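Before any comments, here is the structure.
Worth saying up front: this structure is predicted, and the values here are computed from it rather than measured. Each chain gets a letter, A, B and so on, in the order the sequences are listed, and its residues count up from 1.
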There are 2 protein chains.
Amino acid sequence: MLSKKTQYAFHALVHLAENVDKGPILISEIAQEKNISIKFLENILLELKNAGILGSKKGKGGGYYLMRPPKEIALAKIIRLLDGPIALLPCVSLNYYERCENCRDEAVCGLNEVMGKVRDSALKILENKTLKDILTRG
Amino acid sequence: MLSKKTQYAFHALVHLAENVDKGPILISEIAQEKNISIKFLENILLELKNAGILGSKKGKGGGYYLMRPPKEIALAKIIRLLDGPIALLPCVSLNYYERCENCRDEAVCGLNEVMGKVRDSALKILENKTLKDILTRG
DNA sequence: CTATTAGTCTATCTTTTTTATAGGTTTTAT
DNA sequence: ATAAAACCTATAAAAAAGATAGACTAATAG
């Protein structure tokens, strides 16, 4: 499961994407709209900003905004940033690989092989779907 | 990521599957072979037994054994038992569903839709691949 | 130039989950 | 009887998740 942090990030990003035309959006507005603790959200948005995904403006008329169009922000990027590995096992993670401590040889480990396939099938979606794809429909 | 508990369970089950012909297998043998804390493993095997996946025999000549042939034990079942939901969000989980607290209507939530697809693609593999498919190859 | 607004930064705290251990109990084979 | 081995319950230790606090900095309006 994704952490609350990542779940909140997605909802916040959706709100920002749905209001791109309105200039910077207040943290407090997002918090209220999406039912998220404002202080917790503050940290999350800051992390997204430090990763170059969001920009911000201080003072009156300030707030947060997307640095790129929604269709250029892949879901996988957000998950990896806030939650870490997408793979189910460290030994099949592309970005957070760790050697398996419990098997002799990963090259012939069937678990490794199957979990690699699960990772691929998840990535096929998460690398290609973007913020644009998760906006409210209808 | 799967918990250590679930990872250990898979490795233990593989060992049991690869030794089905040898009668009951000692916890201590599995622990040594797979490099797992024996006491931790004890709890895990007990849980698998209580779920009907393993059987056991006490006293001399005792140990654990599979209750069904490896090809009838789906990976999804093990994960759900020890780790809980396979889905990335509570609101798309089939077995551990919880309503989304952060969106107005799941029926039109794009995040819900995409994460549902990720769940389906993972389940397509995890429901169909069994213990037999993760035995050491070659 | 000062008051207000709003993000920035860092630290801490609480709770929950994960991982692991301890130690006695029961069952079974010999 | 004895020894082997699983059973059971409790607890502890460590890590991660979730949340909050408060002082600081930058921008804007007047």
### Query
What is the distance from CG of B/Asn50 to C1' of D/dT9, rounded to the nearest Å?
13 Å
### Query
Got a donor-acceptor pair under 3.5 Å from the side chain of A/Asn43 to the base of D/dT20?
yes
### Summary
Closest heavy-atom pair, A/Ala17 versus A/Pro70, reported as atoms and distance to 0.1 Å, is CB-CG, 3.9 Å
### Query
Closer than 4.0 Å, any side-chain N/O of A/Tyr8 to the OP1 or OP2 of D/dG18?
no
### Message
Tell me whether A/Lys132 is salt-bridged to A/Glu72, with the criterion being a basic N under 4.0 Å from an acidic carboxylate O.
### Response
no
### Query
Which sits closer to the 5' end of DNA chain D, A/Lys58 or B/Lys58, going by the nucleotide each is nearest to?
B/Lys58
### A/Glu106 side chain to A/Cys100 backbone, donor-acceptor under 3.5 Å
yes
### Summary
In whole angstroms, the gap separating C1' of D/dA5 from OH of B/Tyr65 amounts to 13 Å
### Task
State, without any angle test, whether A/His11 and A/Glu33 hold a side-chain donor-acceptor pair at a distance under 3.5 Å.
no
#### Entry: Identified side-chain contact (heavy atoms from CB on, under 4.5 Å) partner of A/Leu75 from the options A/Thr130, A/Ile125, A/Ile134, A/Leu13
A/Ile134
### Message
Could you tell me how far apart A/Gln7 (CD) and D/dA19 (C1') are, to the nearest whole angstrom?
### Response
15 Å
## Note on the structure
Ranking C/dT21, C/dT26, C/dG7 by distance to the side chain of B/Phe40, first place goes to C/dT21
### Query
Rounded to whole angstrom units, what separation is found between the CG atom of B/Leu46 and the P atom of D/dA10?
14 Å
### Query
What integer distance in Å separates A/Asn102:CG from C/dT19:P?
12 Å
### Summary
Separation of C/dT19 atom P from B/Leu2 atom CG, nearest Å, is 10 Å
### Task
Write down the distance between NZ (A/Lys49) and C1' (D/dA26), rounded to a whole number of angstrom.
10 Å
### Task
Let me know the distance between CD1 of B/Ile36 and P of C/dT21, rounded to the nearest Å.
13 Å
### Query
Any side-chain N or O of A/Ser37 less than 4.0 Å from the OP1 or OP2 oxygen of D/dG18?
no
#### Entry: D/dA4 phosphate, OP1 or OP2, under 4.0 Å from B/Lys57 side-chain N/O
no
### Message
Counting distance alone, no hydrogens or angles: does the base of C/dG23 have a donor or acceptor under 3.5 Å from a partner atom on the side chain of B/Lys39?
### Response
yes
### Summary
The answer to which of B/Leu41 and A/Glu42 contacts DNA chain C further toward the 5' end, by nearest nucleotide, is A/Glu42
### Task
For B/Leu45, answer base if it contacts any base atom (sugar-phosphate contacts may also be present), sugar-phosphate if it contacts only those atoms, and nothing otherwise; contact means non-hydrogen atoms under 4.0 Å.
nothing
